[in-house]
J.: 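Structure incoming, see below.
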Amino acid sequence: MALTKKGEFWYGTTSGDTQAELRSYSIANRHEAVRFAASKCDCGCRTFALQSDEEAGVAIRTCTDCGQEHLMGNSADYMDGAAPETHECVCENEVFELVSGVAVHEGTHKVRWYYIACHCVECNLVGVFADWPCEAPDAAAFLAKV
Ligand SMILES: [Zn+2]
Ligand SMILES: [Zn+2]
């Protein structure tokens, strides 16, 4: 696996590439992501449309196969007043594979920051499309819901 840079964007092919980009973004943000999970619909599909509202702390993924909408992580707690917007790649595609990552409070399992990285299924762009400071009691339980 390897990330390659074209212009200002990074491109990859595997979920490992997406995770690597998420990790380097999180280090630059000074809250390093230490645990990761790839999104998978109940139907088995791994490609989604993504909407988010970073101010509210909300992300919604919609399965491209069965159409199921899922509130990622603890988004359900913050839906009141949220105005999620659809993400579009620089190539105008709106279908992505998603990898989530969390930073934790040092020495604990408590979530400190949430990152969502996307891999465009059309042009292979990878990047963190949404992130916000996030408090949740257990990183594993949180990542089980992405
Ligand atoms: Zn599905
Ligand atoms: Zn693209």
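The first residue in the sequence is number 1, and the count goes up from there. When a ligand or atom number is given, it counts from 1 through the structure's own listing order.
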J.: Closest approach of H119 and N124, non-hydrogen atoms and distance?
T.: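 Looks like NE2-OD1, 2.8 Å.
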J.: Tell me, please, if C45 has any N/O/S atom, main chain or side chain, under 2.8 Å from the Zn ion (ligand 1)?
T.: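 No.
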J.: When you look at C45 and C66, which way does the side chain to side chain contact (heavy atoms under 4.5 Å, CB included) test go after all the steps?
T.: CA-CA 8 Å; C45 181; C66 75; over 6 Å; no
J.: Where is the tightest heavy-atom contact between V104 and A139, given as atom of each residue plus distance?
T.: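 Here V104 and A139 meet closest at CG1-CB, 4.0 Å.
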J.: Relative to each other, are the rings of H31 and W113 parallel, tilted or perpendicular (30° and 60° limits)?
T.: parallel
J.: Examine K6 relative to Y11 and say whether NZ or CZ is less than 6.0 Å from the centre of the six-membered ring and inside a 45° cone about the ring axis.
T.: yes
J.: Which angle, to 10 degrees, forms at the Zn ion (ligand 1) with SG of C43 on one side and SG of C66 on the other?
T.: 120°
J.: Between R61 and E69, does any NZ, NE, NH1 or NH2 come within less than 4.0 Å of an OD or OE carboxylate oxygen?
T.: no
J.: What protein atoms of element N, O or S are positioned under 2.8 Å from the Zn ion (ligand 2)?
T.: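 Those protein N, O or S atoms (cut-off: under 2.8 Å from the Zn ion (ligand 2)) are C89 SG, C91 SG, C120 SG, C123 SG.
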J.: For a quick test of reading the model, state the closest non-hydrogen atom pair linking F48 to C41 and the distance between them.
T.: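 Answer, listing the atom of F48 first, then C41: CZ-N, 3.5 Å.
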